[in-house]
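In what follows, chains carry the letters A, B, and so on, assigned in the order in which the sequence lines appear, proteins first and then strands, with residues in each chain numbered from 1.
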Number of protein chains: 2
Amino acid sequence: MKPKADKPGIKDVATRAGVSLGSVSRVINKVENVSPELRQRVLHAIAELDYRLNHAAQTLRSRSSRTIGCMFTDVTNPLYANLYRIYEERFRANGYMVLLANSLNNPEWELEILSMFQSRRMDGIIIAPGNERNASVLAAVQKIDLPAVILDRDMNVNQDLVLFDHAPAVQQAMEHLIDQGHREIALVISGTQTRPMLRRIEGYQAGFAARGLPARADLQVLLPASTAPAFDLVHELLQRPARPTALLTLGTSVLADVLNAIRAQGLRIPRDISVVSTGEPDFARSHQPRISSVTVDLDAAVRESTALLLTRIREGRAAAPRRVVVPTIFTLRGSCGPAPATAPRTR
Amino acid sequence: MKPKADKPGIKDVATRAGVSLGSVSRVINKVENVSPELRQRVLHAIAELDYRLNHAAQTLRSRSSRTIGCMFTDVTNPLYANLYRIYEERFRANGYMVLLANSLNNPEWELEILSMFQSRRMDGIIIAPGNERNASVLAAVQKIDLPAVILDRDMNVNQDLVLFDHAPAVQQAMEHLIDQGHREIALVISGTQTRPMLRRIEGYQAGFAARGLPARADLQVLLPASTAPAFDLVHELLQRPARPTALLTLGTSVLADVLNAIRAQGLRIPRDISVVSTGEPDFARSHQPRISSVTVDLDAAVRESTALLLTRIREGRAAAPRRVVVPTIFTLRGSCGPAPATAPRTR
DNA sequence: TTGTAAGCGTTATCAG
DNA sequence: CTGATAACGCTTACAA
């Protein structure tokens with residue numbers, strides 16, 4: 001009796017089934033040319049031995065890990081949590097696993113994660129670096145020689161891009177508010193120099209411009225991050241002599257802080273103040289009144305980026321980089337109303 | 001000139017640096033016995049060639065993937081999103097990557113994910129299966145021959161366990177509410193047959209029992225999932241002839257729905273109704289009044305489970321399974337007050 | 001249709 | 001301290 005302590009390998013399966021190594025591999029990989037009888041014997045042996053394929057060996061030899069890497073800033077951000085879940089589902093359907101890494105906006109980690117993706121020979125990666133202006137991150141992204149899709153970042157690199165078209169819908173929201181008599185419209189978002197935020201500011205300013213109004217820098221509240229506490233800042237904002245009568249805010253936990261600050265101030269939505277959020281966090285779904293919002297169709301975004309990546313994986317890095325723009329939609333709901341008749345002063 | 005199209009390997013580095021294969025490996029793996037001069041040469045060659053370690057080959061040979069697998073039901077649940085982020089940070093500090101897989105409560109996926117963890121030779125796994133009663137999942141978990149930690153699940157298996165001690169703090173919250181005159185105390189949680197929920201129900205009933213009151217089944221609202229919409233059910237609950245004067249609820253998006261339903265009903269917290277949540281979602285941090293809560297110290301939970309897993313990885317599967325209980329704490333805040341003086345009737 | 005044998009890029013075990 | 005050499009467990013030509 002041989003003390004075979006180690007896990008059974010394809011070899012053990014082969015001897016057990018009385019066939020050759022190659023045949024077992026063919027059965028496992030569902031190659032066509034196998035007689036049903038042989039397949040049965042192999043399957044049987046596999047079950048008996050409780051054989052598990054060794055993914056490392058398979059990857060090494062076949063040069064494919066059947067894995068997709070995702071680098072986001074923070075799963076704690078519902079946008080990324082949802083994205084990740086949908087990606088996982090879609091890629092799983094295509095036989096891929098999905099690996100998630102949070103960069104937490106740390107440029108060094110972003111470099112490390114990218115390097116790790118390469119050394120693990122990911123079949124493809126989907127990334128939304130937090131530091132789209134950082135020189136070394138930019139260089140690293142440019143140099144990636146894996147099939148890659150960059151998600152909603154303005155990086156001038158030779159990679160496939162999926163961009164959300166934030167500005168137009170934000171502008172549309174602004175125009176609606178202005179047409180409803182609002183003038184003091186605040187913007188509460190993250191101040192990170194990153195595409196979504198910059199584009200939103202763009203739309204915000206374009207909205208004023210389209211109605212012949214000057215953009216107001218003093219009404220922009222820029223937080224350190226998308227999930228930073230915003231209560232105090234908004235509270236302060238609402239206590240100004242000429243407080244905003246409308247507010248456009250991030251649809252993360254920032255929205256919760258905004259709603260709480262509004263409530264703490266004794267203001268009613270939409271009577272005293274109108275609210276629009278960019279994105280819709282779960283907790284907002286039951287809010288009364290419903291919050292108007294500027295959203296991107298997540299399923300569409302995932303569909304597009306998945307298709308892009310799978311194509312890139314198929315065609316290799318030779319083909320020219322592609323770029324897909326996913327539209328963004330303004331949905332008007334109960335949280336928006338006309339500006340209060342009396343000019344708002346300190347209460 | 002040789003058309004070396006392929007990525008450079010350790011071999012190329014060796015010839016380039018004029019040293020042997022083994023020496024390069026020694027440098028890469030930071031083994032002590034290398035002369036500084038040789039190390040420099042190798043490091044230089046690595047930089048010149050932009051050499052990337054092949055993780056698959058490394059894993060195959062060294063029998064360690066330096067990867068930890070996590071299986072949770074859904075990253076969209078803030079509890080898991082936060083847990084994952086902390087795990088990633090801690091394991092990264094120990095040189096491990098973390099792989100996340102969402103089972104979405106689907107038993108077949110749970111089996112598939114567990115099998116994938118084994119074939120990828122994870123160095124360790126942390127799992128919280130959604131189906132702790134499912135026979136095949138249970139069997140699969142029992143059979144896991146990887147270092148594993150099971151997170152807050154009552155599974156009678158030979159694996160390390162980290163359990164949150166939900167019941168006592170819930171009971172404490174109940175006793176406080178009862179002592180404040182509350183009798184109609186509702187429980188709004190998920191009806192999944194899973195440890196956290198069952199333990200909370202246990203604490204809920206124990207609270208009544210401790211004060212000599214009968215447990216009331218009609219005040220328990222069981223949702224299909226931890227993130228299921230709860231607005232309508234709670235709204236209905238609050239319209240009953242004898243509506244609850246206090247409410248204990250899940251600290252997920254369910255809490256948001258509860259707060260919205262209370263507000264929609266025109267009730268004030270804590271004057272008309274007291275609220276306690278199990279866990280504190282981000283959006284609740286700025287709520288006024290602050291929500292009393294029953295929480296587990298996530299950092300402690302992560303610390304314990306990380307330590308347990310690392311120990312298990314070090315010691316192997318020989319040592320007897322360990323079990324760690326992480327306490328849970330009731331924090332009294334402004335959302336709790338005395339029961340309304342007048343017996344609550346329909347408004 | 002099936003068997004045979006040569007690697008994939010590392011690490012580990014020896015000698016030197 | 002360094003160099004040669006044999007695995008690790010699989011896929012994939014190529015032969016039979």
In this structure, how many angstroms lie between the [atom2] atom of [N] and the [atom1] atom of [X], rounded?
{"X": "A/N54", "N": "D/dT11", "atom1": "CG", "atom2": "C1'", "result": "13 Å"}
{"X": "A/L53", "N": "D/dC10", "atom1": "CG", "atom2": "P", "result": "6 Å"}
{"X": "A/K11", "N": "C/dA6", "atom1": "NZ", "atom2": "C1'", "result": "13 Å"}
{"X": "A/L49", "N": "D/dG9", "atom1": "CG", "atom2": "P", "result": "14 Å"}
{"X": "A/L21", "N": "D/dA13", "atom1": "CG", "atom2": "C1'", "result": "14 Å"}
{"X": "A/N29", "N": "D/dG9", "atom1": "CG", "atom2": "C1'", "result": "13 Å"}
{"X": "A/R39", "N": "C/dT2", "atom1": "CZ", "atom2": "P", "result": "10 Å"}
{"X": "A/H55", "N": "D/dC10", "atom1": "NE2", "atom2": "C1'", "result": "12 Å"}

For this session: Compute whether any side-chain donor of one residue and acceptor of the other, for A/R120 and A/T59, lie under 3.5 angstrom apart.
Result: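 No donor-acceptor contact under 3.5 Å links the two side chains.
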Exercise. Base, sugar-phosphate, or nothing for A/I28, non-hydrogen atoms under 4.0 angstrom?
Worked result: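 The residue A/I28 makes no contact with any strand.
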Exercise. Heavy atoms under 4.0 Å, any strand shown: does B/R52 hit a base, just sugar-phosphate, or nothing?
Worked result: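 B/R52: backbone/sugar contact only, no base atoms under 4.0 Å.
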Problem set entry | Residue A/S35, side-chain heavy atoms: nucleotide from C/dT11, C/dT2, D/dC10 that is nearest |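 Ranking C/dT11, C/dT2, D/dC10 by closest atom to the A/S35 side chain puts C/dT2 first.
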For this session: Take B/L60 and A/G18, find for each the nucleotide of DNA chain C with the closest heavy atom, and name the residue whose nucleotide sits nearer the 5' end.
Result: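 Its nearest nucleotide lies further toward 5', so the answer is A/G18.
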Is any side-chain nitrogen or oxygen of [X] closer than 4.0 Å to OP1 or OP2 of [N]?
{"X": "A/S23", "N": "C/dT2", "value": "no"}
{"X": "A/S25", "N": "D/dT11", "value": "yes"}
{"X": "A/S62", "N": "C/dC8", "value": "no"}

Return yes if the base of [N] and the side-chain atoms of [X] contain a donor-acceptor N/O pair under 3.5 Å, otherwise no.
{"X": "B/R63", "N": "D/dG9", "value": "no"}
{"X": "A/R61", "N": "C/dG7", "value": "yes"}
{"X": "A/R121", "N": "C/dG9", "value": "no"}

Exercise. Has B/E48 got more than 12 heavy atoms of other residues, nucleotides or ligands less than 6.0 Å from its CD?
Worked result: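 Check passes, neighbour count above 12.
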For this session: Would you kindly compare A/A57 and B/R41 by the position of their nearest DNA chain D nucleotide and give the one closer to the 5′ end?
Result: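 The residue closer to the strand's 5' end, by nearest nucleotide, is B/R41.
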For this session: Using a strict cut-off of less than 4.0 Å between a Lys/Arg side-chain nitrogen and an Asp/Glu carboxylate oxygen, indicate whether B/E304 and B/R322 qualify as a salt bridge.
Result: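 Salt bridge absent between B/E304 and B/R322.
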For this session: Taking all heavy atoms of B/D123 and all of B/I313, pick out the closest pair and write down the distance.
Result: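 Closest approach of B/D123 to B/I313, heavy atoms only: O-CG1, 3.4 Å.
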Problem set entry | Minimum-distance pair of heavy atoms, taken over all atoms of B/L146 and B/F117 |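 Taking B/L146 first and B/F117 second, the nearest heavy atoms are CD2-O, 3.7 Å.
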